[in-house]
Every structure is written in structure tokens, then in C-alpha cells.
2 protein chains.
Amino acid sequence: MPERTGSNKQPTIREVALRAGVSPMTVSRTLSGGESVRPDVQEKVLRAVRELGYHRNENARSLRPGHRSGLIGVAITNLGNPYYGNFALGVEEVAAQHGRRIIIGSTGEDPLRERQLVSDFIGRQVEGLVLVPSGESVDHLSADRLGGVPLVLASRSLEGLDVDSVLLDDVGGAADGTRVLLDAGHTRIAFLGNARSVFTGERRFEGYVRALAERGLSPRDELVERGQQDVASAEVATRRLLDLEHPPTAIFSANNRNTIGALREMGRRLRAGESVDAMPALAGFDAFELAELMPVPVTIIDHDPQELGRQAARLLLARLDVDRAAGHGKTIEMPVRIVAAN
Amino acid sequence: MPERTGSNKQPTIREVALRAGVSPMTVSRTLSGGESVRPDVQEKVLRAVRELGYHRNENARSLRPGHRSGLIGVAITNLGNPYYGNFALGVEEVAAQHGRRIIIGSTGEDPLRERQLVSDFIGRQVEGLVLVPSGESVDHLSADRLGGVPLVLASRSLEGLDVDSVLLDDVGGAADGTRVLLDAGHTRIAFLGNARSVFTGERRFEGYVRALAERGLSPRDELVERGQQDVASAEVATRRLLDLEHPPTAIFSANNRNTIGALREMGRRLRAGESVDAMPALAGFDAFELAELMPVPVTIIDHDPQELGRQAARLLLARLDVDRAAGHGKTIEMPVRIVAAN
DNA sequence: CTGTTAGCGCATTCAT
DNA sequence: ATGAATGCGCTAACAG
């Protein structure tokens with residue numbers, strides 16, 4: 001049982017040494033594996049460690065030359081979004097396998113907060129950074145500003161930055177999803193998506209347009225709703241679409257939030273007595289639970305955020321543990337899977 | 001534009017001082033607000049800081065006596081679970097308001113991993129800990145072992161530990177939810193829940209039993225399925241229930257994972273042609289998206305994980321910033337809300 | 001207003 | 001096998 005009840009300062013290596021009747025160095029050696037320390041002395045030291053509830057001060061350790069902090073900084077847009085939660089989980093999983101801990105911050109899509117987070121992370125001596133960027137600005141992310149700390153971008157890319165990135169096949173996935181709707185005979189296909197400034201939103205719109213073009217169609221302004229970042233506004237956008245004189249017979253949704261919003265609006269109408277047959281078919285990015293119970297046909301463009309996180313972490317750790325300056329930034333584009341949910 | 005291209009070591013305060021032609025102290029003072037430094041000198045210093053891409057080494061700072069690390073350790077069971085993601089978001093939000101950063105680890109319900117995480121956090125000089133405990137063991141969480149670092153438990157409590165806790169009204173919520181089913185005329189009500197060892201699982205079962213008892217009923221062994229921690233096993237358990245000779249006419253589910261599992265199994269049966277009328281009604285803990293679109297009546301025992309996180313952080317920060325030894329551990333029990341989803 | 005000294009906790013280097 | 005000296009980056013406390 002530890003003692004020192006009452007105090008709230010961590011014991012130091014010196015106090016342990018004192019208690020064990022040895023020098024601080026002997027304690028240090030014992031704690032680093034016990035090379036060149038007599039077993040009985042190690043015993044004494046470890047007992048003192050237990051008795052005092054001693055933990056090595058990692059911050060002090062990381063001050064020593066050559067020592068690494070064991071920290072990876074992760075900045076994502078929103079921890080509460082299960083997509084990014086799973087992404088972070090993937091990063092953490094791989095980081096842990098390599099003896100690293102992650103330190104997380106949510107940017108809330110705010111570029112200023114992103115700058116502060118990154119700066120703080122550097123100040124805490126992170127060995128590397130994983131970032132889902134929120135803006136287009138790049139100057140705070142240059143290799144110099146980061147003091148040479150390796151950076152990996154995930155989900156979204158940035159122009160003018162030579163770093164490793166992990167992206168999804170946004171364009172291809174969106175085109176494939178749209179084609180499913182076209183193949184089902186739809187020609188009035190609406191688009192629901194993020195703000196234009198969001199990298200993935202732009203790419204997914206491009207895929208949608210491309211698939212339409214293949215069939216000689218082009219996007220109609222009144223059927224394109226961009227700029228919804230949350231479920232509530234996606235619901236409103238869907239309402240507007242369905243209230244059109246000639247409503248779309250299908251909707252392509254660029255992400256989870258928009259898909260859920262569209263379905264909620266449809267649910268509202270169904271409960272209000274509208275016919276299922278009046279509801280549009282749906283295809284959209286990102287899987288969600290219980291999709292198989294939806295009352296309208298739903299096609300999912302599925303992918304694994306956790307795997308995205310793992311890949312990002314792998315790229316980063318390759319720079320850390322294998323080859324710091326492994327040439328130019330690599331970009332990995334992860335495949336997606338088209339799934340009929342119901 | 002920063003220089004030092006190529007090097008990957010962070011510049012130190014000394015290098016900045018050299019470049020600005022001042023002493024390290026002047027740099028330090030400038031960076032801490034600029035008291036007692038001539039404006040033109042500050043100018044020079046800040047320019048050097050920019051040019052070198054300098055960031056203060058927080059680890060070295062936190063070594064100084066009296067200085068605090070600004071880190072809160074958060075250990076949850078699973079970052080990928082949106083419930084805990086939102087919880088962490090709530091903690092982060094309040095922590096950020098008080099100038100703290102969070103460092104996160106997932107325990108995966110593994111007590112050993114929890115020990116390691118907590119130990120690592122202490123080693124990194126966290127000012128406080130927020131923990132969703134995974135086991136029943138307590139010895140690694142005593143005030144002594146934590147070196148006096150304040151701890152707040154969330155969601156689950158532990159016997160024999162005098163610390164602040166934030167819990168839900170598990171018993172009352174489960175009783176209320178069960179009563180909704182009883183009021184609808186059901187008497188064969190099944191229970192789906194976690195392993196007995198999970199604190200919330202036990203409490204929610206207690207609420208279920210209590211509500212039954214009020215109507216002179218008692219739980220029937222064949223209608224109680226405990227031990228499902230994920231959707232897949234909840235599906236299997238539901239299948240077993242529905243295959244009984246006298247299947248339950250309603251199900252009470254103790255958490256999100258079990259609710260989703262039950263619904264998936266029902267969806268399977270519906271797609272296989274079974275009648276909606278043959279499906280049990282459902283009441284369960286934890287909200288989930290699109291509940292309003294479910295084909296059977298669903299009652300939700302709703303609560304806000306993010307608010308749970310905020311409360312946990314507030315309790316912790318009160319100890320940190322207001323009164324470290326604010327008497328015995330407080331337990332806050334957060335209310336829940338019964339909602340008819342559809 | 002600015003600089004010097006000293007020490008936070010630890011581990012590498014060099015004695016013993 | 002063990003210990004003493006030294007310095008990592010930073011900033012109170014004390015000169016000047």
C-alpha cells in the first residue's frame with residue numbers, strides 16, 4: 001500500500017532512492033529493465049516504488065536528448081461524430097501497437113482552433129500529427145512551422161502541401177452510387193452535400209456529375225442542395241426538394257448526416273400519411289445502423305473509418321520508426337463498397 | 001517564413017534568444033505576456049520566433065515547480081462507440097474552456113489496459129483523470145496510487161472508492177421504461193442486457209425487476225438474456241427469445257447495442273415474411289438515430305452523453321481550480337427522459 | 001527593463 | 001555493480 005497520504009505531489013526518483021537506500025541511478029536502471037543491478041537491490045527498489053506509488057515522469061524523460069515523447073497528436077473535426085470516433089479508434093489502435101499514446105482535439109471545423117491545436121501539440125512534443133483539416137489554409141502546416149514533425153492528412157487533402165495523405169475514393173464512389181440510381185431508371189436525381197469548401201463534398205459532387213454525364217444528363221440547379229453540415233439542415237433541404245412541383249425520384253447524398261436528414265424528412269411524411277411510393281429512392285456515402293429497416297430502397301457507399309485511421313497511423317509510424325524522410329508525400333486512396341441496404 | 005529547413009529538432013528558447021540578440025529570459029518573458037519587456041524588443045523576439053517556427057516546450061515548462069501540465073486523462077471503454085465519443089466531446093469541451101487538453105485512451109473493457117492507461121497518464125503528469133471503469137478492481141485507483149491526482153468516475157461506479165462520480169438514473173429509467181410496456185398491457189416482457197459484472201447492466205436489471213414487482217410479476221428465467229456486449233450477440237439472444245414456444249410480447253433492452261441487435265433480428269424476420277404483429281414491442285436505454293422509422297413501437301430512455309461528459313469534467317475542474325480536497329466524493333445522478341420514438 | 005543563477009526529474013557518461 | 005556529475009528546456013528569484 002502506498003503511503004504519502006495527503007500530499008498531492010508525485011514522488012520523484014530521489015524519494016524512491018532514499019527509501020530504498022540506494023542512489024537515484026540505481027532506481028533509474030532498475031526501472032529501465034534492471035541491467036547491471038543486483039536482483040536483491042532491484043527487489044528493494046521495486047518495493048519502494050510500490051510503497052510510494054511512484055510513476056516515472058514522462059515529461060522529464062522526454063527532455064533527455066534522443067528520447068521521444070511517445071505521443072501522437074490527432075486533430076479531427078468532431079469527436080462526437082461516430083465516423084471520426086472510429087477513425088480515432090483506428091489511429092489509437094495502431095499507435096498503441098507501436099507504444100504510442102494519442103492526444104486528441106476536436107476542431108469543430110474551425111481553422112483557428114485547428115491552428116491552436118496543432119501548435120499546442122507541437123509544444124507537447126508530439127512525435128507526429130494526424131489531421132483532418134478544416135480549412136484550406138496551409139501555412140501553419142508547413143514542415144518548418146511544424147518543426148519537422150511528420151504530418152498525415154486524412155479524409156481531406158490540401159493543396160500546396162507535400163505530405164502523406166489517406167483519402168477515400170470519393171469521386172469513384174459517388175459515381176458508382178449515382179449509377180445505381182440511374183440503372184434503376186431514375187433521371188431526376190437530386191444531390192445533397194456539404195458546403196463547396198469541404199474537400200470531400202466537392203469530390204463527391206464531381207462523381208455525381210460524372211455519372212450523370214455518362215448518360216447524357218447534367219445536374220439541374222433546383223435539384224442540387226449543398227451546404228448542409230448537420231442532420232437538421234439536411235432535413236430542411238430534403239423538404240424543399242420534395243416540395244418541388246417536379247420532385248426528384250431519387251436522391252444522392254454525399255454523407256451520413258445528409259442521408260439521415262433525408263430519411264427523417266421521409267419518415268415525417270410517411271407518418272403524415274403520404275404514400276411510400278411517393279418517396280424518392282436513396283443512395284449515399286457512409287454506412288449507418290439499421291439501414292436495412294428503412295422504408296425506401298437505400299444504397300450505401302460503404303467504407304471503414306477505423307481502417308482509414310489505421311492507414312493514417314501506419315503512414316505516420318513508417319516515417320517515425322522506419323524512414324523519417326521517405327521521399328515525397330504518398331497519397332493512399334481507399335476503396336469503397338457499394339451495398340444495397342434493403 | 002521559418003527557416004531551419006531540413007533539421008527536425010525543435011528550436012529552443014536559446015536559439016530564439018540568439019537570433020533576436022537578447023537573453024533567453026527576455027524571450028521567456030515576451031512569450032508569457034511581455035511584462036517588463038520593451039515593445040521594440042518584443043517585436044524582435046516575436047520575429048525570431050516566427051522565423052524559427054519556435055514552439056515552447058510544454059514538457060519542460062511543466063517540469064518547473066508550481067506549473068501544471070494542462071492535461072486531463074480520459075479513459076473510456078471504446079472511442080468508436082458514439083455514446084463514448086460524445087461523452088469525450090463533452091469532457092473536451094469543458095476542459096478546453098478551462099485551458100486544458102485531453103489525452104484519450106480506449107480500454108476496450110480490459111482492466112489490464114485500464115491499469116496501463118492510468119499509469120501512463122499519471123506518468124505524463126495529467127492534472128486529473130476521467131474514467132469509465134471496466135472492471136471491479138479498485139486498488140490501482142486509490143488516491144495514493146494516483147499520487148493524489150483527482151479522479152472522476154463516469155457512467156459506472158466502483159465500490160470502496162471515495163471519488164466524485166457522475167451516473168445516470170439507471171434504476172429509475174429502467175423501471176419507467178418497463179412500466180411503459182406494462183401499461184400497454186404486456187406481461188411477458190423479456191430483458192436484454194450486459195454482463196452481470198457491468199455496473200449499469202446490474203442497475204438497469206434492478207429497475208426492470210422493480211417495475212415488474214409493482215404489478216405482482218417477477219422476471220422469468222427464460223425471458224432474461226444477459227451478457228450481450230455487442231450487436232451481433234444481441235441479435236442471437238433476440239432470436240432465441242422469439243423462437244420460444246411462448247415468445248415475449250415486449251422486450252426491455254438495457255442499452256443501445258442490445259436495442260439495435262433486437263431490431264436487426266426483427267428486421268430479418270420481417271423481410272422473411274413474418275407479420276409485424278408477431279413482433280414484440282420494444283423499450284430500451286439510449287437514443288439512436290432513425291428510431292422514428294422503426295416498424296415496431298419503440299420507447300427510448302433518452303439521455304445526453306455529452307452532458308454526462310460535461311458534468312464529469314466540471315466535477316474534476318472544481319477540484320483542480322477551486323478546492324482540491326472538497327470533502328468526500330460527490331455522486332451526481334443525471335436524469336433520463338422517456339420518449340415514444342414512433 | 002534585462003540578464004545571471006539555479007533547479008525542476010531524469011538518464012547518459014564517466015568514475016569507482 | 002553502483003554512484004557522481006552533467007545537461008535536456010524552461011522560468012522563478014534575484015541581481016544590476
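Note on naming: letters A, B, ... go to the chains in the order of the sequence lines (proteins, then strands), and numbering restarts at 1 for each one. The basis for the numbers below is simple: all heavy atoms, side chains too, and nothing from hydrogens, waters or symmetry mates. Since the structure is predicted, the reported quantities are computational estimates derived from the model, not experimental observations.
Atoms CG (Asn57(A)) and P (dG7(C)) sit 19 Å apart, rounded to a whole Å. Arg68(B) has its CZ atom 17 Å from the P atom of dT11(D), to the nearest Å. What separates CD of Glu35(A) from C1' of dA1(D) is a distance of 12 Å, to the nearest Å. Ile13(A) has its CD1 atom 14 Å from the C1' atom of dC8(C), to the nearest Å. The interatomic distance linking Leu52(B) (CG) with dG9(D) (C1') rounds to 15 Å, in whole Å. Gln10(A) has its CD atom 14 Å from the C1' atom of dC8(C), to the nearest Å. Straight-line distance from the OH atom of Tyr54(A) to the C1' atom of dG9(C): 7 Å, rounded to whole Å. Glu58(B) has its CD atom 8 Å from the P atom of dT11(D), to the nearest Å.
Between the side chains of His55(A) and Ser119(B), at least one donor N or O sits under 3.5 Å from an acceptor N or O. Of the N and O atoms on the side chains of Gln125(A) and Ser62(A), not one donor lies less than 3.5 Å from an acceptor on the other residue. Of the N and O atoms on the side chains of Glu114(B) and Ser134(B), at least one donor lies less than 3.5 Å from an acceptor on the other residue.
Remark: the backbone N or O of Gly108(A) is not paired with any side-chain donor or acceptor of Ser106(A) at under 3.5 angstrom.
If you check every strand for non-hydrogen atoms under 4.0 Å, Thr12(B) touches sugar and phosphate atoms only.
Nearest nucleotide to the Arg38(B) side chain, out of dC1(C), dG9(D), dT11(D): dC1(C). Out of dC8(C), dG3(C), dT11(D), the shortest distance to the side chain of Val22(B) is found at dG3(C).
Under 4.0 angstrom from either OP1 or OP2 of dG9(C) there lies no side-chain N or O belonging to Arg61(A). Between Arg29(B) and dT11(D), a side-chain N or O to OP1/OP2 separation shorter than 4.0 Å is absent. Ser36(B) has no side-chain polar atom (N or O) that falls below the 4.0 Å cut-off from OP1 or OP2 of dT2(C). Residue Arg64(A) has no polar side-chain atom (N or O) positioned under 4.0 Å from OP1 or OP2 of dG9(D). Of the side-chain N and O atoms in Arg56(A), one or more sit less than 4.0 angstrom from OP1 or OP2 of dA11(C).
In this structure, Phe87(A) and Val132(A) have side chains that are in contact, with non-hydrogen atoms separated by less than 4.5 Å.
Toward the 5′ end of DNA chain D lies the nearest nucleotide of Met25(A), the other residue of the pair Leu63(A) and Met25(A) mapping further downstream. Along DNA chain C, the nucleotide nearest Val41(B) and the nucleotide nearest Pro65(B) are compared for position; the residue whose nucleotide lies closer to the 5' end is Val41(B).
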